[in-house]
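Worksheet: one structure, shown below.
All ligand and atom numbering here is 1-based and tracks the order in the structure. Every heavy atom of this structure was used, including side-chain atoms; hydrogens, water molecules and symmetry mates were not.
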Amino acid sequence: MDKNILVETANKMMMRPKGILAMDESSPTIAKRLASIKVDNNEDNRRRYRELIVTAPNLSDYISGAILFEETFDQKMNDGTLFRDYLASIGILPGIKVDKGAKDLSCHPNEKITEGLDGLRDRLAAYYENGAKFCKWRAVITIANDIPSDACIESNMNALARYASLCQENNLVPIVEPEVLINGTHSIDECDKVTRKSLSSLFSHLKMFNVYLPGTVLKPSMVISGQENDSRASYEEVASKTIACLRDFVPDDTAGIAFLSGGQTDLEAESHLNIMNQSSDLPWRVTFSYARAIQAAALAAWQGKDENLESSQSILIERAQRCSNSSVGKL
Ligand code: 5MM
């Protein structure tokens with residue numbers, strides 16, 4: 001592990017006023033996204049859509065790094081350039097999602113465990129060799145009756161720590177993503193409790209595995225009411241409870257925080273981030289690593305048609321710019 005390389009990469013990822021673009025939808029997820037616009041889910045259409053994203057004019061003004069799915073990491077654009085090389089050429093760090101997805105947790109109905117540790121060391125060495133600068137692994141925590149269980153939280157946080165230490169051994173910055181899902185009727189206080197328990201467990205596992213925090217980026221969900229809750233908390237309450245929770249569990253020397261949007265509307269995702277960044281004394285950089293809150297409107301505008309390419313790219317850039325402004329509290 002070379003700490004200087006890790007810190008240099010992490011600092012570039014957290015550069016103001018930028019954030020990280022998540023475009024690493026796995027095969028089942030990209031299938032849903034393309035189905036939503038009635039476009040066939042084949043390799044060429046996945047390439048066309050992702051090429052639309054990375055070639056949006058001036059993307060690198062707002063985006064420091066892009067998380068790719070492994071297919072995209074090894075894929076060529078229409079002119080034969082590898083996506084990963086193109087991103088590097090425009091000043092966007094290429095990263096890769098390395099988990100193998102959230103699978104059913106044995107004997108724990110409705111709970112998931114993220115898989116992908118077997119063989120990970122060799123895969124990481126190859127990704128680094130091929131130009132990846134950082135990686136991502138997502139753990140999923142569901143709030144419902146009697147869940148999450150300790151088994152779900154502990155096993156997922158242990159896997160995140162094992163993944164993070166393997167990344168750092170290969171000079172790749174790990175993005176650790178413990179997502180407490182927004183789905184459900186739970187209150188913001190229930191979300192707060194579960195997020196606290198998850199972050200407490202995560203940072204104790206990271207410590208146990210000697211993960212170097214200045215070379216680690218946290219990608220958390222916000223502390224927020226469930227999507228089906230009848231009286232959802234205000235933007236101000238989400239922002240203040242999220243920051244209070246992070247202050248209690250995230251050590252100051254962590255490289256930075258880049259939120260997922262998790263099904264929030266575009267307006268919610270940008271407003272929450274903007275309010276959080278209006279406090280001047282945060283110990284870490286707090287930015288975004290959104291997928292849907294940057295891509296959704298552009299995807300809907302594209303509809304798989306070349307004639308919609310430019311208008312779709314303008315929408316994508318507007319979303320990226322608004323998220324960038326929020327990441328410095330200037331929306
Ligand atoms: C883009 O989606 C990522 C991969 O998820 P799947 O394995 O389910 O396909 C996901 O980890 C994403 O990076 C984050 O959730 C951020 O995306 P949102 O849409 O929540 O901002």
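- Selection from Lys32, Lys97, Glu177 by nearest heavy atom to atom 14 (C) of ligand 1 gives Glu177.
- Atoms of ligand 1 lying under 4.0 Å from any heavy atom of Ala22, numbered from 1 in the order shown and given with element: 13 (O).
- Per-residue contacts place Ser26 under 4.0 angstrom from the following atoms of ligand 1 (heavy atoms of the residue considered): 6 (P), 7 (O), 9 (O).
- Applying the 4.0 Å criterion to heavy atoms of Tyr290 picks out, from ligand 1, the atoms 21 (O).
- Both the backbone and the side chain of Glu25 come within 4.0 Å of ligand 1, counting heavy atoms alone.
- For atom 16 (C) of ligand 1, the closest heavy atom belonging to the protein is Lys219 NZ, 3.4 Å.
- You'll find the side chain of Val223 stays beyond 4.5 Å of the side chain of Ile243, heavy atoms only.
- Looking at Val217 and Pro174, their side chains never come closer than 4.5 Å, going by heavy atoms from C-beta outward.
- Applying the 4.0 Å criterion to heavy atoms of Gly262 picks out, from ligand 1, the atoms 18 (P), 20 (O), 21 (O).
- Between the side chains of Gln295 and Tyr49, a donor-acceptor pair is found at a separation under 3.5 Å.
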Run Glu177 and Trp137 through side chain to side chain contact (heavy atoms under 4.5 Å, CB included) and show every step you take. CA-CA 6 Å; Glu177 181 180 359; Trp137 178 291; over 6 Å; no
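- Each of the atoms 6 (P), 8 (O), 9 (O) of ligand 1 lies under 4.0 Å from some heavy atom of Thr29.
- Of the polar atoms of Ala293, none of the N or O atoms is found under 3.5 Å from an N or O of ligand 1, judged by distance alone.
- Using modelled atom types and a 3.5 Å distance limit, the side chains of Ser149 and Glu111 yield a donor-acceptor pair.
- The closest approach between Gln295 and ligand 1 stays at or above 4.0 Å for every heavy atom of the residue.
- Checked for salt-bridge contact, Arg46 and Glu51 miss the test: no charged N lies under 4.0 Å from a carboxylate O.
- At least one N/O-N/O distance between Ser261 and ligand 1 falls below 3.5 Å.
- In Met23, neither the side chain nor the backbone holds a heavy atom less than 4.0 Å from any atom of ligand 1.
- Counting heavy atoms closer than 4.0 Å to ligand 1, residue Asp24 contributes atoms from both its backbone and its side chain.
- Under 4.0 Å is where a charged nitrogen must lie from a carboxylate oxygen, and between Asp266 and Arg292 no such pair does.
- In summary, the atoms of ligand 1 found under 4.0 Å from a heavy atom of Lys136, numbered by their order in the structure, are 3 (C), 4 (C), 10 (C), 11 (O), 12 (C), 13 (O).
- Ligand 1 places these atoms under 4.0 Å from at least one heavy atom of Ala291: 1 (C), 17 (O), 18 (P), 19 (O), 21 (O).
- The protein atom (non-hydrogen) at minimum distance from atom 19 (O) of ligand 1 is Arg292 NE, 2.7 Å.
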Run Arg196 and Asp192 through salt bridge (charged side-chain N to carboxylate O under 4.0 Å, His left out) and show every step you take. CA-CA 6 Å; Arg196 282 171 177 273; Asp192 190 42; 3.3 Å; yes
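- Residue-to-ligand polar distances keep Ser289 apart from ligand 1: every N/O pair is separated by 3.5 Å or more.
- The Glu179 neighbourhood of ligand 1 comprises atoms 15 (O), with distances under 4.0 Å to a heavy atom of that residue.
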Let me see the working for Lys219 and Ser289 under side-chain hydrogen bond (donor to acceptor under 3.5 Å, both in side chains), right down to the final yes or no. CA-CA 7 Å; Lys219 176 166 173 168; Ser289 175; 2.8 Å; yes
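- Remark: of the listed residues Ile20, Leu21, Leu273, Leu273 is the sole one forming a side-chain contact (heavy atoms from CB on, under 4.5 Å) with Tyr290.
- Summary of contacts: the protein heavy atom closest to atom 5 (O) of ligand 1 is Arg138 NH1, 3.8 Å.
- Contact record, Ile141 with Ser198: CG1-OG, 4.2 Å, taken as the closest heavy-atom pair.
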Side-chain donor-acceptor pairs of residues 250-260 under 3.5 Å, sequence neighbours excluded:
| unit_1 | atom_1 | unit_2 | atom_2 | d |
| --- | --- | --- | --- | --- |
| Thr254 | OG1 | Pro251 | O | 2.9 |

